[in-house]
Amino acid sequence: MPNKEATPNMFHALIAPLIATVALCLLARWEWRRAYGPEPGAQRESLLHLAGLWLRLAVLWLAVAAALAALPAMAALLLALVCGLLWAIYETLDLVAWKYLNLSLFRVARHAPVKAGDSDAMPNLVNAIRTFVPLAGLARLSGGAMAAMALCAGPLRLSQPGALLALALALPLGALGLRIWAARVAAGLPVRPAERAFLTQDDSLPEGRLEAADRSAACHALPGTPSAARHILLVLNESTGEDVTCHGGLPLAEAIRAASGDAAAWLRPTNALTPSSCTDIALPCLFTGCAPQDSAQTLHRLPLLFDLAKARGMTTLFYSASTLKWGNLEGFFGTAIDDLATPHSTGLPFVHELGCDDYLMAARLRDRILTAEGPLFIVLYTYGLHLPFQNASAGPIPDHITDRRCRAAHTVTEAHRMVFDALRQTGRYDDTLILSLGDHGEAFGVDGSDRTSRSSRLTKLSATVTRPLFLIKPPAGLDPTRRACLEANMQHRLVSLIDVAPTLASVLGVGLAPDLPPYPGHDLTREEVPEERLHITLTVNEWRNWPQAALMLAQGGLRLCVDYQTTTALSCDSHGQPLPEAQHPAADALLAQAMALPVPRKVIARVFRDKLHNRATLQTGRFAQVIPDLPRPAPMAGETERFFGTDILISDPGAGRLHYAGQNHEAQGFGLRRRDRGIMVYGPYLDLPAGHYAASFAFAPGARRKPLLLDVCATGLPAIASRKITRLTEGRLAVIEFTLETPAEALEVRLHSHQGFSGFCQGLFLSRIG
């Protein structure tokens, strides 16, 4: 006789997990789309992600069912809850991996720059979790998973073997069906013949890592060749591109020159590039002169800048606000440094991500310079301009500077000033060759939102990423011929961070050992950089092999990016736009040169294959731009109304755009919450001629009607206008009119919230009305 009670139990045991699976999939997908969602058209990869999520849930339910059948009731329930929590933790970390690295956690984990056996691996991991893991999302997924486990535990425990067999078949088959459906969706990108050649190439790279190496015999002082600089100062600025500005739109490069008190002595190239957007490639290339496409063996044979200095009898100082305990950088630098100071050795606390206060580290270096004797080779490594940007400091930051990046830029400028002052006090400034460099630029969340350019530095080589800060002040006694050569290279040629090592070796009068290959870079003081120079920027190579890659080929003014800025072509320019047909021959010539180089060939093959088969990772950084149909002040005859809104490209500069101080940047616009206080939206830092203007902030329907304050200011001018908005026009528009008696530089319109306003600001209209 059939068991009459078994049928409902079997039914409940099968249906309850299926319903719970769908509910948890919807919850996890909501979190995923909220923080990461693929761009429109990436249906295939979206389905593959859903299939993977479904399959992981299927495995979870089968494990729970087996535990419930084999263990006592209370122990089984506790185990089920733990399984739900572990699932939530994995899905949250997987979301973080997709959001910041464009890869799944499974593909990323083995490539992490911090290994379990490294010293301080656990503190670094904790700091990374605090910075990047969305705890609210983890709480929602954990609560949903444990609730599902608890609700389904009863039916599963009372089920018969037939129900478990049906469950074991139904859930994985659902995931398999999704994967088969996803496989039918084609990418359909156009491929030129020169690009097609890479699709048959091997894309495997060695699993190398930075290592310590004996470089003691790698260089020597050249007899009869004196050093052209008695001292050298290198200020290395993490994640600092040439686009970084201080408050009011002043370029950071100009602020540094002004801080030196000797602005006219500084040179700034018009066309500088980084060898990599990743610090663990860019720093080794800068400190050794190795090109990113060279082998790891070559990298570990070339001398460090510190070795060059010691060959000339200089005392070497390295004061780093960044931890060096990741990617084995500390081991890589080895013992060539006489005085190494880091957050760990000094006890200075981390103030953001993995860096201490730049001001405090610079103050320690200042004191060290004041007491040091003899010729010095000094490196100061600032970290404040790395995300999420140093917002507080022991040094004074004016209260009117509210933008996080501008506050960090102010602290970095003050760090430069302290070191410059120490050199002057000790009589060293004039005899010092000074460089202030960024290892690469930054494009992730420069407006306060992480949605503007998800993981752009790792996978998108836009102009703001590849053009680093590059400043150089030659020593006062540098030979006029060498200075003239340096000036010519700054004005007309493509220069690179890999040119620093050969330039310093020449200035110091130090030569490489006979068995070493020559530097791939150029001595900027003695040789004119060739116009036909091919420069390569990479994100993976023989000592940093990640699953996803990006590459840029540069020659003169041409930029060919093989990265993830666009879904419409395999190659693009540095703004993510497909190259016009007129540039195809020049681009194909660059690809032909890259084909002859092993590492670039493999990297291009990897990216091309990935782009043809995986499109969810291709983010353009665009938002839905909605221009409200509202009655606004009409521009005067012959003038055009200008709009600044939420449609922001990753390559947009800081000027000419809005900035946002909140945390909720969505397709609707810049989110303002009731608890937000202070200046929330500001910009666009424009230069405007004299005239009468109207600035109008537009809001999405449904904004909470609470007072707002608008004001207008500009560099070098007193407050231009201020207005309290107690009611939005038609519930959508806040308008302030103002008059400029004289032309204004870096004009800024600011939106303040203090009294519980909530809604989405969709953008700013700016019109000249008289």
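These numbers were taken from a predicted model, which means no experiment stands behind them.
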With the side chain counted from C-beta on, respond yes when [X] and [Y] share a heavy-atom pair under 4.5 Å apart, and no when they do not.
{"X": "Phe333", "Y": "Leu340", "answer": "no"}
{"X": "Val244", "Y": "Arg405", "answer": "yes"}
{"X": "Tyr429", "Y": "Asp262", "answer": "yes"}
{"X": "Asp499", "Y": "Asp523", "answer": "no"}
{"X": "Arg230", "Y": "Thr432", "answer": "no"}
{"X": "Ser322", "Y": "His386", "answer": "no"}
{"X": "Leu304", "Y": "Arg215", "answer": "yes"}
{"X": "Leu286", "Y": "Leu305", "answer": "yes"}

Can you tell me how far the [atom1] atom of [X] sits from the [atom2] atom of [Y], to the nearest 0.5 Å?
{"X": "Ile337", "Y": "Ser320", "atom1": "CD1", "atom2": "OG", "value": "9.5 Å"}
{"X": "Thr288", "Y": "Leu299", "atom1": "OG1", "atom2": "CG", "value": "5.0 Å"}
{"X": "Ile472", "Y": "Thr525", "atom1": "CD1", "atom2": "OG1", "value": "8.5 Å"}
{"X": "Leu423", "Y": "Arg366", "atom1": "CG", "atom2": "CZ", "value": "12.5 Å"}

Sequence neighbours left out, cut at 3.5 Å: what donor-acceptor pairs do the side chains of residues 583-598 make with other protein atoms?
residue, atom, partner, partner atom, Å
His584, NE2, Leu579, O, 3.2
Asp588, OD1, Arg192, NE, 3.1
Asp588, OD1, Arg192, NH2, 2.7

Would you call Asp573-Arg559 a salt bridge at under 4.0 Å N-O?
no
